[in-house]
There are 2 protein chains.
Amino acid sequence: MNIELNVSRMKVIIISVTMKDVARKAGLSIATISKYINGGNVLKENRVIIDKAIKELGFEVNEIARGLKTNKTMTVGLLIPSLENIFFTSILSNIESILIDKGYSTIICDYKEDKSLEKQKLDFLVKKMVDGIVTMPMGCDLEIINSVIGRNIPVVLIDRALKGVDCDAVLVDNLNASYNAVEQLIILGHKRIGIICGPDDIYTAQERLRGYERVHEDYAMTVDHKLVKKGDYQIESGYRLLLELIKMKEPPTAVLVTNYEMTLGAIMAINESDIKIPDDISFIGFDNLQLAKVVKPPLSIVIQPVKQIGEVAANMLLKRLRGDGSSFPSMVRLKTELILKDSVRKIGD
Amino acid sequence: MNIELNVSRMKVIIISVTMKDVARKAGLSIATISKYINGGNVLKENRVIIDKAIKELGFEVNEIARGLKTNKTMTVGLLIPSLENIFFTSILSNIESILIDKGYSTIICDYKEDKSLEKQKLDFLVKKMVDGIVTMPMGCDLEIINSVIGRNIPVVLIDRALKGVDCDAVLVDNLNASYNAVEQLIILGHKRIGIICGPDDIYTAQERLRGYERVHEDYAMTVDHKLVKKGDYQIESGYRLLLELIKMKEPPTAVLVTNYEMTLGAIMAINESDIKIPDDISFIGFDNLQLAKVVKPPLSIVIQPVKQIGEVAANMLLKRLRGDGSSFPSMVRLKTELILKDSVRKIGD
DNA sequence: TTGTAGGCGTTATCAA
DNA sequence: TTGATAACGCCTACAA
């Protein structure tokens with residue numbers, strides 16, 4: 001036990017009180033203290049004594065030392081594509097809250113949408129001996145993920161699936177998210193519906209486009225590929241692509257924009273043009289409820305269950321960390337919510 | 001050394017190779033291996049042997065075990081008000097990149113703008129025995145910060161200062177940020193300049209308002225307090241307060257909005273009204289260059305040195321972690337950049 | 001230059 | 001129920 005006397009403030013700071021100290025104070029052995037801490041059998045009267053000693057000394061278990069014995073670090077790694085995307089960080093926020101409650105700390109890494117960085121950071125997490133990992137994968141590098149799983153480190157995938165990886169996953173039903181949104185537009189009589197998609201190589205973007213295509217099939221409508229715009233999930237591309245759409249010879253009467261940043265850009269573009277929502281174009285955006293409420297008219301929007309994603313992922317990981325390997329691998333597909341507001345209108349026939 | 005044979009894939013996975021294993025393979029003692037790892041004196045020929053053994057076994061130092069001896073965890077705590085604010089997370093992203101390069105992992109916590117959570121998370125970080133902490137404090141609770149510093153854990157404050165805390169800090173010159181922005185508007189002939197501020201109890205908001213006031217003093221202009229709107233740094237308040245400003249009997253001819261979210265809301269409000277930038281109102285926003293470029297006309301904007309804040313903070317902490325206590329406490333005040341675009345115009349006299 | 005031995009703060013085994 | 005005692009993987013005097 002180190003005692004540090006801060007004379008200038010007359011305050012005593014005690015650091016690193018160990019079980020040894022508690023044992024001495026309680027007049028018992030270290031082994032008994034350890035048992036008490038870990039819920040073993042200790043005489044009732046001794047429990048009181050130990051409890052008192054712990055409180056008085058301000059003892060706290062040294063997790064590092066414990067980790068050395070137990071091979072647990074009480075740490076989980078969280079790996080996301082970017083820390084500069086509010087959708088990702090919101091999910092992190094929820095995961096972190098839940099895990100911290102259970103005593104886990106989280107090492108958060110972002111790989112800046114870079115596949116080689118993704119691998120590096122994953123290696124880093126493994127080296128730091130995290131007990132588990134939650135990741136939004138980008139590369140299709142199931143090799144790496146599998147090597148992590150092979151080390152008996154539970155991994156939970158979120159947002160993006162990886163074909164060929166046997167691994168728990170929490171996904172969003174992106175396909176039906178866009179299916180339902182576009183279907184509403186079709187029901188309202190729209191025949192030419194534009195979509196601003198994300199990059200081809202991103203799982204969620206593929207699925208959202210697929211939903212758009214399938215609903216067209218189901219309603220026996222052919223897709224005009226000129227109405228399908230591929231963006232990069234950034235503000236600027238939403239802005240640019242929306243302008244492209246409305247400047248077409250035969251512009252769409254409705255449009256679905258498939259993430260927050262692009263929705264933002266698209267709204268900016270519309271605001272600056274002379275076309276009006278919903279008179280000239282019906283509009284459905286994605287992801288950010290706060291934004292949708294502020295815009296006039298209120299924006300119709302597809303909401304992803306951000307909170308739920310975090311909860312499910314965190315609890316799934318906690319389950320594995322508890323050693324519960326039942327129904328592995330389990331894949332949860334969460335539903336989005338479609339909020340329809342005045343930004344969409346019926347098309348007269 | 002545990003060897004695990006994954007028969008189904010015929011792949012051998014070796015986990016936890018220890019120095020002991022390396023020592024055995026190299027025919028030397030553990031102490032020698034340790035010396036080699038830590039740069040001690042080892043015979044050149046033995047260096048080769050050890051190096052070979054390490055490579056073949058894929059040995060990596062167990063940082064946990066090392067930490068037990070050295071009292072270092074090679075982990076730093078990053079504590080921010082919210083993970084759902086891109087300004088904060090961008091800074092994190094930069095700090096994380098730098099620290100990870102030096103072998104440090106980061107435990108990122110957010111306190112959801114809640115003072116009691118802030119204290120809890122700080123305690124949590126201390127309990128996790130982080131080697132250092134970077135935090136954006138909210139509470140004026142210098143008591144807590146001081147207790148951390150008292151434990152010899154270096155702390156670097158960012159974005160927000162804490163009066164009475166002797167502590168390294170990386171700040172932004174918020175006062176002159178708004179001073180310069182408003183000054184430009186004054187130079188262009190504006191007499192009635194509105195400002196949309198953040199909450200009174202947030203350091204940056206106080207400073208930005210102070211800059212607005214001081215430039216008025218310096219130009220011998222009286223502040224019309226009806227032009228000073230207090231928001232909460234969220235989209236909605238930017239939207240609402242801008243509407244309040246333009247609906248005044250005597251509306252301002254120019255406005256400064258003092259963070260990203262409120263800038264976004266304000267732009268939305270303007271777009272939906274019938275007033276035009278810059279003809280009816282000159283506009284200067286804050287923080288997000290990407291947004292500013294997309295809007296038409298391009299937005300004048302105050303840019304905070306996000307990247308630099310992260311760099312300076314990370315390097316300052318690394319310096320302390322190296323044990324370099326020189327010029328403590330050091331406070332760095334970084335300058336913002338004012339980018340003037342077509343969203344501001346000259347007022348004819 | 002190398003190796004032996006003790007210790008970091010826990011946990012876990014096995015007698016007592 | 002309790003308490004020696006031996007790990008866990010690494011570092012570090014000190015001795016060889």
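Quick note: numbers below take in every heavy atom, side chains included, and nothing from hydrogens, waters or symmetry partners. Order of the sequence lines fixes the chain letters, A, B, ..., with proteins taken first and strands second; residue numbering starts at 1 for each chain. Source: prediction; values computed, not measured.
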- Query: Is the shortest distance from a Lys or Arg side-chain nitrogen in B/Lys127 or A/Glu60 to a carboxylate oxygen in the other one below 4.0 Å?
  - Reply: no

- Note on the structure: Here the salt bridge (charged side-chain N to carboxylate O under 4.0 Å, His left out) pairs for residues 97-110 of chain A, sequence neighbours left out, are A/Asp110-A/Lys112

- Taking CG from B/Leu43 and C1' from C/dG3, how many angstroms apart are they, rounded to a whole number? 13 Å

- Could you state the CG-P distance from B/Asp21 to D/dC10, rounded to the nearest angstrom? 9 Å

- Message: If I take atom CD1 in residue A/Ile33 and atom P in nucleotide D/dG3, what distance separates them, rounded to the nearest angstrom?
- Response: 8 Å

- Message: Heavy atoms only, 4.0 Å cut-off, all strands: where does B/Leu28 land among base, sugar-phosphate and nothing?
- Response: sugar-phosphate

- Applying salt bridge (charged side-chain N to carboxylate O under 4.0 Å, His left out), name anything that partners A/Asp123, two or more places apart in sequence or on another chain. A/Lys119

- Item | With sequence neighbours excluded, residues passing salt bridge (charged side-chain N to carboxylate O under 4.0 Å, His left out) with A/Asp324 | none

- Item | Residue pairs fulfilling salt bridge (charged side-chain N to carboxylate O under 4.0 Å, His left out) with at least one residue in residues 86-98 of chain A, sequence neighbours excluded | A/Glu96-B/Lys121

- Residues passing the salt bridge (charged side-chain N to carboxylate O under 4.0 Å, His left out) test with B/Lys128, sequence neighbours excluded, are none

- Going 5' to 3' through nucleotides 9-16 of chain C, assign each nucleotide B (protein heavy atom under 4.0 Å from a base atom), S (under 4.0 Å only from sugar-phosphate atoms) or - (no protein heavy atom that close). BBBB----

